[in-house]
Amino acid sequence: MTTVVSKQDSTREFAFEKADFKNVQQMLFKKAGINLSDAKEAMVYSRLARRIRARNLRSFNEYLALVNTSESELEQFINALTTNLTSFFREPHHFTALADYLSQHNVTTIWCAASSTGEEPYSIAMVVAEAYGSFKTPVKIIASDIDSKVLAKARAGVYPLASIAKIPQHRQRQFFHKGKGANEGKVKVVDELRNMVQFKKLNLTDAKWDVKGPLDVIFCRNVMIYFDKPTQLKVLQKMVGMLKPTGLYMAGHSENFNMYTNLVRPVGKTIYRPVD
């Protein structure tokens, strides 16, 4: 059982009752479809206390009332509570599968449905560029995320030098510029690679998506774990419906859709194809 600290805790600037935490959970689910774990109480207080302070408010009740009426603060609320853990070529078997797929199919569109700070879509773009031996390819790469702040970082394409340490040297030379002087210790994705990716803000629980099918490949990794089962099924049905019959759906390492035999069939490690 999770213990929620009450307003009697003098170490906290703002009162934070169990009801406040439940209200945050309900708000996040209503606005973004995300199920926030009971274990995230401390994170919620820490991140939202900053917003309460920044808006010169006095309580969580006042803050959630503002979130309900302000689109800009709703965006800040979602940004504060979404987790963005990513890296270049994370779960590398997916990129090996992508390279194989590109060699066997006439690919036109790839959608990275949770692009975070950009490492995943840029990894996709590197594989595509290598497959065609050029930055000019017929493949459109769409990268979306609900978090506007991480999208801004993704568009900029600037990362700590350490983030590319595990990328082979030939890829480092071809796809990144290493910073000098004031930018030492940083790298920037080359413009030719950045231009291959179209970033856009998108909420997967919205009724309409600004993405058009048919799609060849969808990367939607480690996102569904934040949704309840009905939302998972609804999103999966919609995505699979946008895939070509030979298309691929790349799931995260902690996600399993083998139970949805009417929708998808496994064709690799956390890789699925629409049912014929």
Side-chain angles (χ1 to χ4, degrees), residues 1-86 112-120 143-156 158 199-210 220-232 234-235 238 252 254:
M1 180 178 293
T2 301
T3 301
V4 178
V5 180
S6 70
K7 63 184 178 182
Q8 279 75 30
D9 184 350
S10 61
T11 65
R12 286 187 165 171
E13 182 178 358
F14 304 103
F16 192 51
E17 297 280 12
K18 183 175 182 178
D20 294 316
F21 180 59
K22 291 297 181 185
N23 288 339
V24 170
Q25 288 178 307
Q26 290 167 8
M27 178 79 74
L28 189 62
F29 182 79
K30 178 182 177 182
K31 299 297 186 180
I34 294 173
N35 264 332
L36 192 64
S37 163
D38 288 342
K40 300 293 185 180
E41 178 266 334
M43 181 204 78
V44 166
Y45 179 87
S46 174
R47 294 185 182 181
L48 294 188
R50 298 172 200 162
R51 296 305 309 159
I52 295 171
R53 203 176 299 117
R55 298 306 297 259
N56 293 315
L57 301 175
R58 294 171 295 179
S59 69
F60 276 81
N61 279 341
E62 284 188 6
Y63 180 68
L64 291 180
L66 176 64
V67 170
N68 240 338
T69 57
S70 167
E71 281 296 322
S72 62
E73 193 54 44
L74 171 61
E75 184 173 307
Q76 294 292 336
F77 173 79
I78 293 172
N79 288 355
L81 297 181
T82 47
T83 301
N84 296 284
L85 177 63
T86 187
C112 175
S115 62
S116 186
T117 47
E119 290 92 335
E120 184 171 299
S144 66
D145 202 281
I146 194 173
D147 188 330
S148 58
K149 286 187 176 180
V150 298
L151 283 171
K153 292 181 180 179
R155 289 189 183 99
V158 177
F199 290 98
K200 59 178 63 182
K201 186 180 176 186
L202 187 147
N203 184 343
L204 292 175
T205 63
D206 283 349
K208 292 184 179 180
W209 295 341
D210 185 20
C220 185
R221 308 191 304 171
N222 304 307
V223 180
M224 295 288 206
I225 54 174
Y226 296 105
F227 299 148
D228 63 9
K229 291 297 183 183
T231 306
Q232 284 183 12
K234 185 177 179 180
V235 172
K238 195 170 176 180
S254 56

Does some side-chain heavy atom of [Y] sit less than 4.5 Å from a side-chain heavy atom of [X]?
X	Y	answer
Asn23	Asn61	yes
Ser144	Phe199	no
Arg58	Ile52	no
Phe14	Leu57	no
Phe77	Met27	yes
Leu202	Asp145	no
Tyr63	Leu48	yes

When rounded to the nearest 0.5 angstrom, what distance separates [atom1] in [X] from [atom2] in [Y]?
X	Y	atom1	atom2	result
Ile34	Leu28	CD1	CG	4.5 Å
Phe16	Ser46	CZ	OG	10.5 Å
Leu36	Tyr226	CG	OH	10.0 Å
Leu74	Leu66	CG	CG	10.0 Å
Ser70	Arg55	OG	CZ	5.5 Å
Lys40	Asn35	NZ	CG	13.0 Å

Would you kindly say whether [X] and [Y] are connected by a side-chain donor-acceptor distance under 3.5 Å?
X	Y	result
Asn68	Glu73	no
Glu75	Ser148	yes
Asn203	Thr205	yes

- prompt: Would you call Glu41-Arg12 a salt bridge at under 4.0 Å N-O?
  reply: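 Looking at Glu41 and Arg12, the cut-off is met.
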
message: What I want to find out is whether Glu17 reaches Lys22 closely enough, with some N-O distance under 4.0 Å, to be called a salt bridge.
response: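 Here Glu17 does not pair with Lys22 in a salt bridge, since their nearest N and O are not under 4.0 Å apart.
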
Main chain of [Y], side chain of [X]: is a donor-acceptor contact present, judged purely on distance under 3.5 Å?
X	Y	value
Glu120	Ser115	no
Ser37	Ala39	yes
Arg47	Ala80	yes
Lys200	Asp210	yes
Asp206	Trp209	no

task: Just do the side chain to side chain contact (heavy atoms under 4.5 Å, CB included) check on Arg51 and Val67 with the steps written out, would you?
output: CA-CA 10 Å; Arg51 296 305 309 159; Val67 170; over 6 Å; no

Contacts of type ring pair (Phe, Tyr, Trp, His ring centres under 6.0 Å), residue Phe227, not counting sequence neighbours: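 Ring pair (Phe, Tyr, Trp, His ring centres under 6.0 Å) check on Phe227 returns nothing, list empty.
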
message: Around atom NZ of Lys30, are there more than 12 heavy atoms from other residues, nucleotides or ligands closer than 6.0 Å?
response: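 Count not over threshold, so no.
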
Atom NZ of Lys149: over 12 foreign heavy atoms under 6.0 Å: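 12 or below, so no.
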
message: With side chain to side chain contact (heavy atoms under 4.5 Å, CB included) as the criterion, how do Asp38 and Gln25 come out once you've worked through the C-alpha distance, each side chain's angles and the decisive distance to 0.1 Å?
response: CA-CA 9 Å; Asp38 288 342; Gln25 288 178 307; 2.8 Å; yes

Locate the shortest heavy-atom distance separating [X] from [Y]; write the atom from each residue and the value.
X	Y	value
Ala32	Ile146	CB-CD1, 3.7 Å
Val235	Leu204	CG2-O, 3.7 Å
Ser116	Ala154	O-CB, 3.8 Å
Asp147	Val150	O-CG2, 3.2 Å
Ile225	Ser254	CG2-OG, 3.6 Å

- prompt: Can Tyr45 and Phe60 be said to form a ring pair (Phe, Tyr, Trp, His ring centres under 6.0 Å), step by step?
  reply: CA-CA 9 Å; Tyr45 179 87; Phe60 276 81; 5.8 Å; yes

